[in-house]
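Only one structure is covered here, and it is reproduced in the block below.
First listed ligand is number 1; within each ligand, the first listed atom is number 1.
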Amino acid sequence: MSSRIRILPENLANRIAAGEVVERPAAVVKELVENSIDAGATDILVEIENGGKRLIRVVDNGSGMSREDALLSLERHATSKLTSDADLAAIATLGFRGEALPSIASVSRMVLASRESSSLEGAEIYSEGGRIVTVKAHGMAVGTSIEVRGLFFNTPARLKFMRSSVTESGHVGELLVRLALSRPDIRFSYICDAKTQFIALPGDLQSRIATFINKDALTDLWPVEYAETGISITGLVGGPSLTRSNSSGLYTYINGRFIRDKVVQHAVIQAYRGVIDKGRFPVLVVFIEIPFSDVDINVHPTKHEVRFREQGKVHDYIFAAIGGVLSRSPWITRTSSSPAKTLYVDNQPAQDRLSGVKDALARYNPAQEKQLSAFTPVSRIPDSSSLLRKDQLPEADVGNNAVGYYSSLAVIGQYKSMYILCQDGADLVLIDQHAAHERIAYQRLRSEHARGGIESQMLLFPETIELSYGEAATLTEHAVRIEGLGFEVEHFGGTTHAIKAVPRLIAATGYLAALREILSELEQLSRSVKAEQMLDSLLARVACHSVVRGNHALTMPEIKALLRQMDETDFAGTCPHGRPVLVKITLPEIEKMFKRSKSAAGE
Ligand code: ADP
Ligand code: MG
């Protein structure tokens with residue numbers, strides 16, 4: 001068997017980011033498991049003892065190595081994955097530096113055993129501190145097994161940096177989760193101090209997420225499928241029920257590698273703005289594929305950071321891909337109007353639930369939007385395209401041929417002149433009418449703004465307002481921005497200003513209070529926040545003032561009109577501040593309140 005592994009030429013070796021790969025047990029496991037994945041393994045077992053300090057063992061059923069290659073693999077810059085500069089620009093495998101095995105071997109006692117399918121037996125190499133001690137034949141299955149004992153035994157300084165066994169094994173676990181999420185087709189097992197932590201059977205991404213992130217996540221996961229020239233974005237994103245207080249639920253991958261990147265994270269958070277509460281983080285697993293030439297993953301030895309050639313573009317695509325799915329708030333149709341499917345019983349198998357979700361998705365009829373057309377549910381009903389634009393919306397009831405989710409609800413009535421009660425199949429739906437109005441107003445303001453300006457209304461008699469020096473200064477500094485919101489304010493003399501025009505949406509409500517709030521927001525935010533974010537928050541403010549607070553009795557035609565408008569509104573599941581517009585109480589939940597048994601559901 002000829003050798004596949006070569007020693008990289010010096011110049012190429014030097015071009016690869018230098019640095020220590022091996023900093024802690026999890027880093028060792030990462031390199032070893034990535035090698036197993038690169039070797040085409042379908043079954044990978046990781047076993048550690050004492051946080052990896054005593055033992056790390058990775059066993060795979062991949063291609064294995066010949067005796068010659070196994071010996072070569074322990075040499076610095078020996079790799080079968082890269083031979084020229086051109087390859088470096090197109091790195092498709094996870095490993096590419098030919099640095100991991102020798103680095104790990106040099107700080108441990110290592111037993112490397114490997115067998116190719118073409119040989120009858122394997123080779124076992126024992127090395128100490130990087131020095132090969134014995135090489136012998138070894139009976140074994142095809143694949144590779146690497147045992148690392150006494151990590152850092154010969155570098156006491158680094159030994160000191162290791163944390164407690166619990167901490168280190170936690171890092172190993174998290175690392176394995178990242179890898180396992182990226183390759184649901186591979187079986188992963190993790191044993192820690194002789195106890196099995198998990199066995200992830202080969203399956204799909206949904207089942208991996210259920211195993212590793214949240215077993216109840218399946219009902220609120222939504223497929224992303226987005227392709228633009230030079231980029232594709234796929235995966236599953238969580239709805240508003242799946243938030244976390246930190247970014248630990250963000251699993252993003254570039255060309256198969258887990259990455260933690262500011263540009264990517266920012267785009268994701270932006271896409272969720274207004275969908276989940278401020279300060280909360282979503283849960284998602286998203287794979288970004290872009291040409292190798294457009295991304296440099298060679299920035300940092302641990303390879304979590306990347307550098308994009310066109311940052312802005314990548315940001316926009318991720319935002320569009322995820323925002324496109326979220327803007328349709330697909331979770332509001334989670335339980336559908338066909339009761340047979342909607343009544344989940346707790347022990348119903350996850351697969352069933354999933355198909356329920358897929359059904360709901362298929363029935364869901366997203367508004368058409370050119371750029372964000374990447375959302376393709378499993379089997380989408382052809383869009384009837386009968387959605388009306390807001391300005392075309394007739395005041396009177398158009399009848400029952402409306403297609404959207406909100407219009408499909410059977411209205412029961414109004415509660416406390418604040419909530420609309422509806423029935424969705426067997427479920428009870430409560431809609432916060434203020435939140436709904438706010439969402440409609442906000443989306444409308446956003447689209448007006450995007451089209452060139454917010455509709456403004458001249459006041460018959462200009463209204464005067466007294467501004468403090470601070471407020472007046474802010475008004476001058478942000479004159480263009482304030483005008484863009486639909487206000488026309490002139491200096492009148494002294495501290496007095498005259499308001500001549502206001503955003504039409506708030507002409508009849510509290511535009512004075514709105515203006516003051518906007519000024520104070522501008523004063524506070526202008527230093528800390530990006531322009532677009534600021535605009536959003538100002539628009540939310542205007543939207544907020546367009547809604548009559550307190551109780552507000554609605555007639556049936558007004559309720560119907562509101563629901564119709566919600567169907568035309570993106571992000572219809574939440575108000576601009578991220579609070580829910582709609583809450584659904586299922587029949588089983590109601591029955592539970594009345595202490596009725598589940599089997600009574602059909603009565
Ligand atoms: P790299 O992965 O960057 O090439 P490594 O030092 O991690 O460098 O590995 C060196 C070489 O050893 C790899 O290129 C590969 O040919 C071989 N190798 C390492 N681990 C395995 C494995 N589990 N199965 C098969 N071949 C392996
Ligand atoms: Mg490697």
Do Glu124 and Tyr126 pass the side-chain hydrogen bond (donor to acceptor under 3.5 Å, both in side chains) test, and can you show the C-alpha distance, the side-chain angles, and the key distance before you say yes or no? CA-CA 7 Å; Glu124 186 187 271; Tyr126 175 65; over 6 Å; no
- Output, in order, the C-alpha distance, side-chain angles, deciding distance and verdict of salt bridge (Lys or Arg N to Asp or Glu O under 4.0 Å) for Asp193 and Lys195. CA-CA 5 Å; Asp193 293 323; Lys195 276 204 278 301; over 6 Å; no
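Listed by number with element, the atoms of ligand 1 under 4.0 angstrom from any heavy atom of Thr144 are 22 (C), 23 (N), 24 (N), 25 (C). Atoms of ligand 1 lying under 4.0 Å from at least one heavy atom of Ala39, given by number and element, are 24 (N), 25 (C). If you number the atoms of ligand 1 from 1 as listed, the ones under 4.0 Å from a heavy atom of Pro102 come out as 6 (O).
Looking at heavy atoms from C-beta onward, Met65 lies in side-chain contact with Thr144 at the 4.5 angstrom threshold.
Not a single donor-acceptor pair under 3.5 Å links the side chain of Tyr253 to the backbone N or O of Val285.
For the pair Ser114 and ligand 1, no heavy-atom separation below 4.0 Å is found.
Residue Ser63 has no nitrogen or oxygen atom sitting less than 3.5 Å from a nitrogen or oxygen atom of ligand 1, judged on distance alone. In terms of polar-atom proximity, defined here as any N/O pair under 3.5 Å, Ala100 does make such a contact with ligand 1. Here's the thing with Asn35: one of its N/O atoms is less than 3.5 angstrom from an N/O atom of ligand 1. For ligand 1, the polar-atom distance check against Gly64 finds no nitrogen or oxygen pair separated by under 3.5 Å.
Under the 6.0 Å cut-off for aromatic ring centres, Phe212 and Phe198 qualify, their centroids lying closer than that.
Under the 6.0 Å distance and 45° angle rule, Arg244 does not count as a cation-pi partner of Phe281.
Looking at Glu31, Met65, Glu116 and measuring to atom 21 (C) of ligand 1, the nearest heavy atom belongs to Met65.
Of all the heavy atoms of Asp38, none lies under 4.0 Å from any atom of ligand 1, so neither backbone nor side chain is involved.
Remark: Ile288 CD1 to Thr234 OG1 distance equals 9.0 Å, nearest 0.5 Å.
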